[in-house]
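Read the structure below first, then the notes.
We use all heavy atoms of the structure for the numbers below, so side chains are in, but hydrogens, waters and symmetry mates are not. Not measured: the values here are computed from a predicted model.
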Amino acid sequence: MELLLKVEDRGYPTDYLLARLRARRRGYGECVAAEPYFAAWKSLLREYRWVYLQMNSTLREIFRPFFILMEIRTVSQYLRYKTKGHTKGAEVLGLSLLSKAMRASLTQSGAMADLLAGIETGFSPLCGGFTGLAGTFAREGLRGVEERLLNTFLEHVVLTKQHPDIKHFFILLIDSRNIVALYKHLRWDMDRFPPFVRGGLTSEKKLRGVFAARDVSGIAPLVKHLTGREIASPAAGNIESASLRWISRALLRCAREPLSIAFILNYLWLCLMESRKTPTGAAMSEGGQAE
């Protein structure tokens, strides 16, 4: 089963898309500035869909990991809405970039076991790490399934051949995710070391050393070493904000070349960050999950 929507290649040159994105940047920010979370999320999906449809086949292949990452968020939130009986999940699926077959698998399945089997069918061709979701759900619930999907995909991207700018972006996401997860496990006094996502800049050994000390204050030096900036206190919001600003600075530096893949990547990232800043919006983690 194909994960993402297949569209006809219109043959637009990359320069065309770059020019359109430069013209749209301010307008998108103004559009979502006052929107509540759910409306801003739908605006983000519409914008990503527009960009995806403007891309030629070469660009869509380069950015395929980014769009799959965003659709993992869609799948996760759909499962949450489905279990709560909300209709918002169907609204989101209608705007997503998931293929028709993948959307049908989600909407036509009733029991959670069938939903998870459909997700496995869609994601397993990427790598074998997506199997056994039903067992994960039985042990850890939806949060465990979301964590499994996201962590497995992040590792898959950095361990396979990708465009250098895309791979660099995913490496940054992995470091941010590992450090935030470490903080939460320490803050909540959990005995188990958090699932470690391979491929980042910070080693598992270093993170395990901080975890073994059972001292939340040990997170601050990690953040400073990684981002180059000090945080006022090792609170979840400070750690995540510092990590996201670090990613934003890194992407902006790469995007200064106006005819680069990084310019498009930076635009997509800025749209995500704009959706986070809505007045009534819920904070979102680096994987795009509402907290």
Side-chain angles (χ1 to χ4, degrees), residues 1-6 48 52 55 57-79 96-99 101-103 105-106 115-137 139-140 142-182 193-204 207 226 243-244 247 250-251 254 261-262 264-265 268-269 272 284-289:
M1 183 191 302
E2 180 62 39
L3 264 177
L4 296 183
L5 188 67
K6 281 195 172 183
Y48 282 174
Y52 184 81
M55 287 179 166
S57 58
T58 300
L59 282 179
R60 277 198 296 272
E61 185 60 29
I62 290 173
F63 281 91
R64 188 168 184 266
F66 180 90
F67 289 118
I68 291 177
L69 177 69
M70 294 299 107
E71 292 306 327
I72 287 176
R73 170 197 178 193
T74 300
V75 170
S76 297
Q77 292 289 45
Y78 177 78
L79 292 177
S96 81
L97 288 171
L98 292 171
S99 67
M102 191 70 191
R103 279 181 281 163
S105 175
L106 291 171
L115 284 168
L116 296 176
I119 293 169
E120 282 189 20
T121 301
F123 280 89
S124 290
L126 294 175
C127 69
F130 292 104
T131 58
L133 293 180
T136 301
F137 178 72
R139 293 188 304 272
E140 304 172 44
L142 276 180
R143 175 64 71 177
V145 172
E146 294 165 2
E147 186 176 78
R148 175 93 176 277
L149 287 172
L150 183 56
N151 290 355
T152 300
F153 184 67
L154 290 174
E155 281 194 359
H156 165 74
V157 172
V158 299
L159 297 176
T160 54
K161 185 177 180 180
Q162 306 291 341
H163 187 280
D165 290 335
I166 298 296
K167 180 165 286 192
H168 178 233
F169 170 68
F170 273 80
I171 289 172
L172 301 182
L173 285 180
I174 287 173
D175 271 306
S176 176
R177 181 164 180 78
N178 280 337
I179 289 179
V180 171
L182 176 62
F193 181 73
F196 177 77
V197 186
R198 296 174 298 163
L201 301 173
T202 307
S203 69
E204 181 177 3
L207 295 179
L226 188 66
S243 298
L244 295 178
I247 295 173
L251 293 181
C254 296
I261 295 299
I264 302 173
L265 181 58
L268 296 172
W269 176 256
L272 178 60
M284 288 184 292
S285 72
E286 62 279 0
Q289 297 299 321

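Residues that satisfy the side chain to side chain donor-acceptor pair (under 3.5 Å) test with T136, not counting sequence neighbours, are R148. Residues satisfying the side chain to side chain donor-acceptor pair (under 3.5 Å) test with T152, not counting sequence neighbours, are none. For F137, there are no ring pair (Phe, Tyr, Trp, His ring centres under 6.0 Å) partners, not counting sequence neighbours. Taking E155 as the reference, R198 meet the salt bridge (charged side-chain N to carboxylate O under 4.0 Å, His left out) condition, with sequence neighbours excluded. R60 is linked by a salt bridge (charged side-chain N to carboxylate O under 4.0 Å, His left out) to nothing, counting only residues two or more places apart in sequence or in another chain. Remark: S57 pairs with D9 by the side chain to side chain donor-acceptor pair (under 3.5 Å) rule, at least two apart or across chains. Shown here are the side-chain contact (heavy atoms from CB on, under 4.5 Å) partners of T121, two or more places apart in sequence or in another chain: M1. E61 meets the side-chain contact (heavy atoms from CB on, under 4.5 Å) test with R64; sequence neighbours excluded.
Using a 4.5 Å heavy-atom threshold, the side chains of L106 and L98 count as touching. By the 4.5 Å heavy-atom criterion applied to side chains, S99 and K6 are not counted as neighbours. Looking at heavy atoms from C-beta onward, V145 lies out of side-chain contact with I119 at the 4.5 angstrom threshold. Looking at I247 and S176, their side chains come closer than 4.5 Å, going by heavy atoms from C-beta outward. Using a 4.5 Å heavy-atom threshold, the side chains of F196 and L182 count as separate. Looking only at side-chain heavy atoms (C-beta outward), F67 and M55 come within less than 4.5 Å of each other. Between N178 and T202, every side-chain heavy-atom pair lies at or beyond the 4.5 Å cut-off.
Taking CG from L201 and CG from L226, the interatomic distance works out to 6.5 Å, rounded to the nearest 0.5 Å. If you take OG on S105 and CG on L115, they are separated by 7.5 Å, rounding to the nearest 0.5 Å. Atom-to-atom distance recorded for R103:CZ and L5:CG is 6.0 Å, nearest 0.5 angstrom. Once rounded to the nearest 0.5 Å, the distance linking CZ of R73 with OG of S96 reads 11.5 Å. Separating the CG atom in D175 from the CD1 atom in I179 is a distance of 6.0 Å, to the nearest 0.5 Å. Interatomic distance, I68 CD1 to L4 CG, rounded to the nearest 0.5 Å: 4.5 Å.
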Step by step, would you call L154 with R177 a side-chain contact (heavy atoms from CB on, under 4.5 Å)?
CA-CA 10 Å; L154 290 174; R177 181 164 180 78; 3.7 Å; yes
Start with the C-alpha gap between I264 and I62, add the side-chain angles, then the distance that decides, and say whether side-chain contact (heavy atoms from CB on, under 4.5 Å) holds.
CA-CA 11 Å; I264 302 173; I62 290 173; over 6 Å; no
side-chain contact (heavy atoms from CB on, under 4.5 Å) between M102 and F123, intermediate numbers included
CA-CA 10 Å; M102 191 70 191; F123 280 89; 4.1 Å; yes
Below 3.5 Å, can you tabulate the donor-acceptor pairs from side chains in residues 126-133 to any protein atom, sequence neighbours excluded?
from, atom 1, to, atom 2, distance (Å)
T131, OG1, G128, O, 3.1

Please report, to 0.1 Å, the donor-acceptor pairs under 3.5 Å made by any side chain of residues 165-174, with sequence neighbours excluded.
from, atom 1, to, atom 2, distance (Å)
D165, OD2, A262, N, 3.4
K167, NZ, V158, O, 3.3
K167, NZ, T160, O, 2.9

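Of all heavy-atom pairs between P65 and Q162, the closest is CG-OE1, 3.2 Å.
N151 contributes no side-chain N or O that, together with a main-chain N or O of V197, makes up a donor-acceptor pair within less than 3.5 Å. Not one N or O on the side chain of Y52 forms a donor-acceptor pair closer than 3.5 Å with the backbone of L97.
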